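Since the structure comes first, as structure tokens, the remarks are kept for the end.
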Amino acid sequence: MTPTARKPRGPPKHRGAPEAPPTLEIGSLPLVAGAKSHPALGLGLWALGRWTPADEARTKATIGRAYEKGMRWFDTAEVYGNGRSERILGDVLLRAAGGAPDAFVTTKVSWEHLRPSQVRASLVNSLERIGRTSVDLYLIHAPDARVPLAETIPALEALWKEGRVGAVGVSNFGVEELEEASRHFASTRIAVNQVRYNLFDRDEAEPVREYCRTHQILLEAYSPLARGLLHGRYLDGEKVSPEVKRFAHRLFESDRLPEILQRTRVLRDLAKDEKLPLAAIALHWLERNGAAPIVGASRPEQVDENLAAWSARPSAAVLDRADAIARGDRA
Ligand SMILES: NC(=O)c1ccc[n+]([C@@H]2O[C@H](COP(=O)([O-])OP(=O)(O)OC[C@H]3O[C@@H](n4cnc5c(N)ncnc54)[C@H](OP(=O)(O)O)[C@@H]3O)[C@@H](O)[C@H]2O)c1
């Protein structure tokens with residue numbers, strides 16, 4: 001799926017410019033028939049669950065900045081902060097111009113709620129927290145081997161038929177699970193598979209990429225910046241927090257970290273030579289591989305930097321080089 005051309009609506013920009021234009025046309029990707037088109041870059045609201053109430057003003061400012069700068073896709077889940085992430089998103093959207101009807105909202109049903117009656121109750125509660133009558137995309141957060149997809153999928157499809165969800169998708173699904181889920185759709189199909197995917201971490205995405213491409217399932221990439229590493233974090237002495245280590249799936253473990261940091265330094269040099277933000281390479285590498293990145297951010301300045309990265313365009317040769325560096329090719 002090729003994103004539609006994105007046109008900046010601000011003043012002319014230069015390659016590698018440090019600031020994003022005032023609002024950026026993010027670009028979009030087609031979803032299933034009848035669904036809203038899917039923005040090519042999103043803001044992930046997982047972190048909203050871990051921020052303390054004292055951080056709430058900053059949290060809201062971060063989402064508000066994203067909306068103000070042209071981001072429309074917001075990714076949340078019922079499990080993020082036990083619903084707190086959904087509630088904060090709802091508050092911010094409600095206060096945005098006209099209630100932000102153009103926002104593209106994704107939320108997810110927990111892997112613990114995949115029985116049909118639970119799916120319905122989860123969505124009702126999510127909608128109540130977000131303050132909307134429908135969401136644009138509703139995902140199974142992760143499969144649960146104890147609950148057959150033959151039960152869950154028809155329940156999701158019923159919500160889609162009622163217009164409460166614009167499209168149905170999944171997350172953390174492998175090929176076998178995608179095939180099994182597909183068998184139980186009658187009137188729509190899997191729109192999206194959301195998986196962990198970045199230059200250094202391809203284990204979950206690579207095995208499903210071809211399947212998704214041939215079945216027109218949009219691949220959404222979470223952790224696209226490897227928790228800030230692909231912004232150059234941790235290269236100059238910043239310690240990796242235990243929380244980042246815990247959720248980064250081995251990337252930051254002591255047997256791998258020195259090599260990963262070394263490769264990141266080489267990537268940073270490449271970005272510097274090209275006058276690009278390092279994150280531009282990370283995000284556009286995903287785009288070229290057919291994935292829509294969901295970037296996390298915990299402060300408004302990070303949103304600005306991420307949008308500046310998205311507005312810069314590395315050449316195909318630079319992305320090839322970055323791909324090789326991240327894989328560890330020495331040539
Ligand atoms: N479906 C799933 O199972 C699943 C799993 C994980 C995530 N997700 C979704 O994907 C989203 C993104 O995941 P992620 O948080 O792992 O993504 P990420 O984009 O790889 O990492 C986000 C973190 O990177 C740091 N960062 C962002 N911009 C930065 C900048 N400009 N400079 C320096 N550091 C920067 C921030 O860390 P600090 O906040 O520490 O500053 C931010 O919280 C989540 O919010 C969630 O919506 C889904």
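Fair warning: this is a prediction, and the values are worked out from it, not measured in the lab. In each ligand, atom 1 is the first atom listed, and ligand 1 is the first ligand listed.
- Under 4.0 Å from ligand 1, heavy atoms of Arg227 appear from its side chain as well as its backbone.
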Fill in: Test log, rule side chain to side chain donor-acceptor pair (under 3.5 Å), inputs Ser85 and Thr76
CA-CA 7 Å; Ser85 170; Thr76 181; 2.8 Å; yes
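- Salt bridge annotation for Asp236-Arg268: present, with a cationic side-chain nitrogen under 4.0 angstrom from a carboxylate oxygen.
- Listed by number with element, the atoms of ligand 1 under 4.0 Å from a non-hydrogen atom of Asn172 are 1 (N), 2 (C), 3 (O).
- Proximity to Pro224 (heavy-atom distance under 4.0 Å) selects the following atoms of ligand 1: 17 (O), 18 (P), 19 (O), 20 (O).
- Summarising the contacts of atom 12 (C) of ligand 1 with Leu283, Leu45, Ile294, the nearest heavy atom is found in Ile294.
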Worksheet item: So Leu225 and Asn198, side-chain contact (heavy atoms from CB on, under 4.5 Å) or not? Walk me through it.
Response: CA-CA 7 Å; Leu225 298 173; Asn198 62 56; over 6 Å; no
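- Near Ala226, meaning under 4.0 Å from one of its heavy atoms, ligand 1 places the atoms 20 (O).
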Worksheet item: Is there a salt bridge (charged side-chain N to carboxylate O under 4.0 Å, His left out) between Arg250 and Asp255 once you walk through the steps?
Response: CA-CA 9 Å; Arg250 293 215 355 94; Asp255 58 331; 3.5 Å; yes
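- Scanning for side chain to side chain contact (heavy atoms under 4.5 Å, CB included) contacts around Ser110 gives Glu78, Val79, Glu112, His113, with sequence neighbours left out.
- The nearest non-hydrogen atom to atom 9 (C) of ligand 1, considering only Phe74, Tyr222, Tyr234, comes from Tyr222.
- Each of the atoms 9 (C), 46 (C), 47 (O) of ligand 1 lies under 4.0 Å from some heavy atom of Asp75.
- Within the 4.0 Å heavy-atom criterion, neither part of Ala142 lies near ligand 1.
- Distances below 4.0 Å separate heavy atoms of His141 from the following atoms of ligand 1: 1 (N), 2 (C), 3 (O).
- Atoms of ligand 1 found under 4.0 Å from any heavy atom of Glu305, numbered from 1 in the order shown, are 30 (C), 31 (N), 32 (N).
- Close approach to Val295 involves these atoms of ligand 1, each under 4.0 Å from a residue heavy atom: 19 (O).
- In summary, the atoms of ligand 1 found under 4.0 Å from a heavy atom of Ser298, numbered by their order in the structure, are 38 (P), 39 (O), 41 (O).
- Neither the backbone nor the side chain of Leu139 comes within contact range of ligand 1; no heavy atom lies under 4.0 Å.
- Geometric assessment of Arg227 against the ring of Phe252 yields a negative cation-pi assignment under the 6.0 Å and 45° thresholds.
- For atom 19 (O) of ligand 1, the nearest non-hydrogen atom from the set Gly296, Ser223, Ser171 belongs to Gly296.
- Considering only heavy atoms from C-beta on, His215 stays 4.5 Å or farther from Leu178 through its side chain.
- The option from Glu243, Arg233, His231 that lies nearest to atom 25 (C) of ligand 1, judged by heavy atoms, is Arg233.
- Between His141 and Phe173, the distance from one ring center to the other does not fall under 6.0 angstrom.
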Discussion item. Please determine whether salt bridge (charged side-chain N to carboxylate O under 4.0 Å, His left out) holds for the pair Arg288 and Asp323, giving the CA-CA distance in whole Å, both sets of side-chain angles, and the decisive distance to 0.1 Å.
Written reply: CA-CA 11 Å; Arg288 189 179 65 165; Asp323 182 70; 5.5 Å; no
Item to complete: For Arg209 and Glu204, run salt bridge (charged side-chain N to carboxylate O under 4.0 Å, His left out): C-alpha distance rounded to whole Å, both residues' side-chain angles, the deciding distance at 0.1 Å, then the answer.
Response: CA-CA 9 Å; Arg209 207 156 74 83; Glu204 221 187 81; over 6 Å; no
